[in-house]
Protein chains: 2
Amino acid sequence: MLLTLTEENYLKAIYHLSEDGSTVVSTNAIADKIETKASSVTDMLKKLAEKNLITHIKYKGVTLTETGRRTAINIVRKHRLWEVFLVEKLNFSWDEVHDVAEQLEHIKSPKLIKELDAFLEFPTHDPHGDPIPNANGKIKQTKKIILSNAQNNINYACVGVIDSSSEFLKYLDKHNISIGTSLKVIDKEKFDLSMTIVIGDKTMVMSQAITSNIYVKAHNGQ
Amino acid sequence: MLLTLTEENYLKAIYHLSEDGSTVVSTNAIADKIETKASSVTDMLKKLAEKNLITHIKYKGVTLTETGRRTAINIVRKHRLWEVFLVEKLNFSWDEVHDVAEQLEHIKSPKLIKELDAFLEFPTHDPHGDPIPNANGKIKQTKKIILSNAQNNINYACVGVIDSSSEFLKYLDKHNISIGTSLKVIDKEKFDLSMTIVIGDKTMVMSQAITSNIYVKAHNGQ
DNA sequence: AATTAATTTTAGACTAATCTAAAAATATAT
DNA sequence: ATATATTTTTAGATTAGTCTAAAATTAATT
Ligand SMILES: [Mn+2]
Ligand SMILES: [Mn+2]
Ligand SMILES: [Mn+2]
Ligand SMILES: [Mn+2]
């Protein structure tokens with residue numbers, strides 16, 4: 001089915017809001033995400049329901065159909081592959097890629113994505129650590145935790161971010177934190193939940209505003 | 001100024017029809033090229049004139065303004081750079097690139113094009129032999145002639161095509177003719193204007209339908 | 001020069017996507 | 001349980017881009 005750019009953006013928004021398509025999403029949540037009005041969302045929901053991409057129960061909420069979910073995942077796949085391309089091949093930094101990828105994700109050409117994937121040597125994660133769905137829509141979820149919930153004196157590696165705003169990513173760059181960076185919590189302050197963290201040979205304190213936006217996973221040795 | 005995808009397509013069409021912006025273009029010519037109706041074209045011409053991208057004299061025709069020309073050339077630049085990318089990096093053949101480039105040319109990101117240009121090592125021509133305007137809009141025109149006007153027993157190199165339809169490009173592929181191929185006319189038939197041509201160690205006859213769609217330039221030695 | 005033909009523009013209607021304002025339904029609080 | 005607040009949907013309008021049919025202009029023929 002041929003979808004407009006706008007329809008694709010709605011599907012992707014619903015997909016992200018529904019946590020990979022598993023929960024019900026509200027009209028207002030979509031309006032917030034797309035930065036549009038609730039009435040516009042209602043109009044679009046009718047169109048998407050008509051095309052069997054979503055199930056919409058009036059006043060109750062929206063879920064993606066299997067077709068809708070597959071379509072959304074494919075857009076996410078394209079978005080993340082393009083982000084890898086921009087960082088790996090065109091010298092973009094990880095805080096610059098999102099807006100361009102928002103445009104590139106709508107280019108329609110199966111061959112283009114197939115070849116891009118191969119050209120990038122089949123990457124599994126985008127520059128922010130988010131997993132790239134494979135051509136069949138399968139997503140390899142790594143069991144990650146939020147840094148603010150990490151335990152003391154265990155080795156972790158940074159595997160992703162929650163806030164991927166340019167401001168936050170620049171903060172991380174400034175402190176030499178990126179995907180793969182090893183870190184260890186040596187203290188957590190009970191008063192403000194700030195953490196003392198060792199990164200390489202440096203020790204720094206991170207506020208909860210920071211630690212609640214970084215994903216880590218247990219990092220065996222090295 | 002922010003232009004819509006449609007406005008960009010109109011500007012590019014006018015640019016191509018006006019031979020690099022130098023001649024007057026008719027409403028019907030644009031309608032044919034864009035595959036739309038003349039009345040739709042008239043509507044759009046009003047918008048583009050309003051934005052000072054074209055000069056439109058009612059019933060007389062259209063010319064690009066300097067701003068319009070610059071804008072059109074930038075779209076052509078992006079189109080051709082993406083075509084090079086698709087062929088050089090993603091294994092597209094020269095007859096497959098056009099439709100995808102039609103989409104990619106509208107991606108808005110100066111950095112993207114700057115970096116893509118560098119990544120491709122500043123190509124000067126697209127896969128069909130058309131020159132790629134530089135970042136300032138300058139186009140290096142090679143003095144080329146149409147093969148059907150070539151003289152006998154002079155060495156030429158193929159430098160471009162006029163018809164870049166998939167059908168024609170596949171014909172050329174089949175006979176191992178591509179940009180850079182050396183060839184020599186050894187006879188031209190007066191009756192049907194067909195030519196006998198030597199390509200490498202093979203000799204073949206080309207009808208006028210073929211020879212009138214190939215650009216060549218004199219090829220010194222080799 | 002007058003008639004016919006072709007081109008171009010206008011008038012009015014349509015779809016996609018959006019908005020504001022008002023109505024309907026659901027949720028929350030007393 | 002009733003009143004109030006919030007969320008969601010409808011109604012009606014707007015803009016971009018397109019279309020058909022008719023009118024206006026220009027070009028080509030007799
Ligand atoms: Mn992104
Ligand atoms: Mn990302
Ligand atoms: Mn092309
Ligand atoms: Mn080309």
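Chain letters run A, B, ... following the sequence lines, proteins first, then strands; residues in each count from 1.
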A:Leu45 CG - D:dT9 C1' separation (whole Å): 11 Å
task: Before accepting this row, confirm whether a basic side-chain N of the pair B:Glu102/B:Lys12 lies closer than 4.0 Å to the acidic partner's carboxylate O.
output: yes
query: Do the numbers put B:Lys89 on top of the ring of A:Phe119, so that NZ or CZ is under 6.0 Å from the six-membered ring centre and no more than 45° off the axis?
result: no
- request: Could you tell me whether the side chain of B:Arg69 and the main chain of B:Leu64 form a donor-acceptor pair under 3.5 Å?
  value: no
message: Taking only side-chain N and O atoms of B:Ser26, does any of them lie within less than 4.0 angstrom of OP1 or OP2 on C:dT7?
response: no
- line: All heavy atoms of B:Glu105 vs all of B:Trp82, minimum pair found to be N-CD1, 4.1 Å
task: Return yes when atom NZ of A:Lys217 has more than 12 non-hydrogen atoms of other residues, nucleotides or ligands closer than 6.0 Å, and no otherwise.
output: no
message: Does this structure show an ion pair linking B:Glu83 with B:Lys78, if we count only N-O contacts that are shorter than 4.0 Å?
response: no
- prompt: Would you call B:Asp99-A:Lys108 a salt bridge at under 4.0 Å N-O?
  reply: no
message: Quick one about A:Trp94 and A:Asp173 (side-chain donor to acceptor, distance below 3.5 Å, no hydrogens or angles considered), yes or no?
response: yes
task: Round to a whole Å and report the spacing from CD1 of A:Ile30 to P of C:dT18.
output: 13 Å
message: Is the positively charged end of B:Lys33 above the ring of B:Tyr10, judged by distance under 6.0 angstrom from the centroid and angle within 45° of the axis?
response: no
message: So if I take residues 4-19 of chain B and measure heavy-atom distances to DNA chain C, which residues fall below 4.0 Å?
response: none
query: Does B:Asn28 make a side-chain N or O approach to OP1 or OP2 of C:dA6 shorter than 4.0 Å?
result: no
query: Which ones in residues 56-65 of chain B lie close to DNA chain D, meaning a heavy atom under 4.0 Å from one of its atoms?
result: B:Tyr59
- prompt: What's the CD-C1' distance between B:Glu50 and D:dA16, to the nearest Å?
  reply: 15 Å
message: Assess the residue pair A:Arg80 and A:Val76 against the criterion (side chain to side chain contact (heavy atoms under 4.5 Å, CB included)); give the C-alpha distance rounded to whole Å, side-chain angles, the decisive distance to 0.1 Å, and a yes or no.
response: CA-CA 6 Å; A:Arg80 291 179 180 165; A:Val76 171; 3.5 Å; yes
- prompt: Looking at residues 31-44 of chain A, who's got a heavy atom less than 4.0 Å off DNA chain C?
  reply: A:Thr36, A:Lys37, A:Ser39, A:Ser40, A:Asp43, A:Met44
field: Enclosure of B:Glu121 CD (heavy-atom neighbours >12, cutoff 6.0 Å)
entry: no
